[in-house]
Amino acid sequence: ATVALVCLVCPAWAAHTETRQFSILVDGKEAGQSQLTIIEQDDGSVYMAASAKVQLKGLVVNYDFAIEGQEWWKDGKLIGMKVLCNDNGKKCDLLVSRQAGQLTARVNGTDRTLRADVWTTSYWKLADARFHNKQVPLLAADTGQERVGQLQYIGSKQLPVANQLLPCYHFRITGAGHPVDLWFDQHHRLVRQEFTESGHKTIIQLVGKKCVVGG
């Protein structure tokens with residue numbers, strides 16, 4: 001369901017809390033919802049909490065997906081992450097922490113080191129400019145797997161969001177599984193995501209946004 005859009009443009013320089021609501025469409029039909037809450041502080045630290053649920057009912061097989069995640073960033077770098085995911089019965093418990101400059105992931109109880117500059121597949125914010133039109137290291141939020149993709153800038157486009165046109169930057173990721181198309185607003189935050197997996201086209205579309213600006 002479409003939610004009224006409030007405060008379409010938030011001042012990126014100010015500490016603020018922002019909530020984004022998304023509709024999830026599979027093969028053109030609404031199948032779930034997702035929500036992002038982003039809390040940005042003046043010291044360059046950012047906290048992001050995300051949740052998503054998808055339910056598909058078929059003639060033979062039903063499909064259920066649910067994920068709850070949190071991310072902590074500082075000066076543009078991931079410093080912590082916690083995710084619980086249930087992909088139709090396949091569970092993933094992911095915990096990421098940074099100590100002495102080293103990023104470590106624990107996936108279902110097994111530890112390993114990560115690249116310090118990974119971009120998470122929550123895709124809530126655009127990757128750093130140094131990765132544009134180049135390879136980008138990825139950390140899959142739903143599985144804890146590391147991948148390397150190619151991040152390509154496609155162009156700019158206005159997308160309709162709650163009866164308004166929002167200027168967006170279109171990027172595409174290839175080489176790390178199925179291609180993923182992503183659109184980000186002028187503050188480099190997610191507006192739309194598209195991909196096709198197992199023959200099913202999925203669209204995650206921003207339908208509502210609310211900002212509360214602090215002092």
Side-chain angles (χ1 to χ4, degrees), residues 1-25 30 32-54 66-85 94 96 98 117-129 131-132 136 138-139 141-142 151 153 156-171 173 180-194 202-215:
T2 300
V3 180
L5 190 66
V6 179
C7 186
L8 191 60
V9 177
C10 290
W13 49 266
H16 67 272
T17 298
E18 179 181 38
T19 301
R20 295 190 170 211
Q21 295 171 317
F22 296 81
S23 177
I24 302 175
L25 305 175
E30 187 168 16
Q33 296 82 36
S34 177
Q35 179 171 296
L36 298 178
T37 299
I38 305 162
I39 302 175
E40 185 176 19
Q41 303 294 338
D42 289 329
D43 65 356
S45 61
V46 183
Y47 167 77
M48 190 282 295
S51 63
K53 290 185 178 181
V54 175
I67 189 168
E68 299 278 347
Q70 300 174 81
E71 297 181 16
W72 292 264
W73 294 74
K74 177 68 174 179
D75 298 327
K77 294 183 179 180
L78 182 69
I79 60 173
M81 187 175 182
K82 183 178 181 180
V83 180
L84 292 175
C85 180
L94 170 63
V96 176
R98 182 187 292 268
D117 55 355
V118 291
W119 184 32
T120 65
T121 61
S122 61
Y123 299 129
W124 69 271
K125 71 181 187 73
L126 179 60
D128 287 346
F131 295 123
H132 298 180
V136 58
L138 298 167
L139 175 61
D142 57 338
L151 181 62
Y153 175 62
S156 59
K157 182 179 181 179
Q158 290 190 328
L159 294 180
V161 178
N163 300 318
Q164 299 187 48
L165 290 177
L166 190 64
C168 295
Y169 304 106
H170 181 190
F171 284 80
I173 301 171
V180 179
D181 284 273
L182 301 162
W183 287 262
F184 299 91
D185 64 17
Q186 61 182 320
H187 300 305
H188 297 176
R189 292 183 177 176
L190 183 66
V191 173
R192 185 180 176 95
Q193 177 179 345
E194 291 186 12
T202 299
I203 298 174
I204 303 172
Q205 173 66 50
L206 178 68
V207 293
K209 172 181 170 181
K210 183 167 65 175
C211 304
V212 178
V213 181

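The figures here come from the full heavy-atom set of this structure, side chains too, leaving out hydrogens, waters and symmetry mates.
- Between D142 and V83, the closest side-chain pair of non-hydrogen atoms is not below 4.5 Å.
- Here the straight-line distance linking atom OG1 of T17 with atom CD1 of I39 works out to 4.5 Å at 0.5 Å rounding.
- The distance from atom NZ of K125 to atom OG1 of T120, rounded to the nearest 0.5 Å, is 8.0 Å.
- Atom-to-atom distance recorded for D128:CG and L126:CG is 8.0 Å, nearest 0.5 angstrom.
- In this structure R189 satisfies the side-chain hydrogen bond (donor to acceptor under 3.5 Å, both in side chains) test together with H16, E18, E40, sequence neighbours excluded.
- Taking the side-chain hydrogen bond (donor to acceptor under 3.5 Å, both in side chains) definition, one finds that D181 meets it with H170, R172, sequence neighbours left out.
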List the steps, then state whether side chain to side chain contact (heavy atoms under 4.5 Å, CB included) holds for Q205 with V191. CA-CA 6 Å; Q205 173 66 50; V191 173; 4.2 Å; yes
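- Here the side chains of W72 and R98 are not in contact, with every heavy-atom distance at 4.5 Å or above.
- The shortest heavy-atom contact between A141 and T121 is N-OG1, 2.8 Å.
- Distance check, rounded to the nearest 0.5 Å: CG of L165 to NZ of K157 gives 11.0 Å.
- Across all non-hydrogen atoms, the minimal contact from E30 to S23 is OE2-OG, 3.2 Å.
- Note: W124 and W73 have perpendicular aromatic rings, judged against thresholds of 30 and 60 degrees for the angle between ring planes.
- Taking K74 as the reference, D43 meet the salt bridge (Lys or Arg N to Asp or Glu O under 4.0 Å) condition, with sequence neighbours excluded.
- Rounded to the nearest 0.5 angstrom, K209 NZ and D185 CG are separated by 5.0 Å.
- Side-chain contact between L94 and M81 is present, with at least one heavy-atom pair separated by less than 4.5 Å.
- In this structure the side chain of F22 reaches within 4.5 angstrom of the side chain of L36, judged on heavy atoms.
- For the side-chain hydrogen bond (donor to acceptor under 3.5 Å, both in side chains) test, no residue two or more places apart in sequence or in another chain qualifies with S34.
- The two residues S51 and E68 have their closest heavy-atom pair at CB-OE1, 3.4 Å.
- Within the 4.5 Å cutoff, the side chain of R20 has no heavy atoms near those of the V207 side chain.
- Considering only heavy atoms from C-beta on, Q41 stays 4.5 Å or farther from Y47 through its side chain.
- Using a 4.5 Å heavy-atom cutoff, the side chains of T202 and I24 are in contact.
- Listed by chain and residue number, R192, K201 satisfy the salt bridge (Lys or Arg N to Asp or Glu O under 4.0 Å) test with E194 (two or more places apart in sequence, or in another chain).
- For the ring pair (Phe, Tyr, Trp, His ring centres under 6.0 Å) test, residues two or more places apart in sequence or in another chain that qualify with Y123 are W119.
- A distance of 8.5 Å separates CD1 in I67 from OG in S122, rounded to the nearest 0.5 Å.
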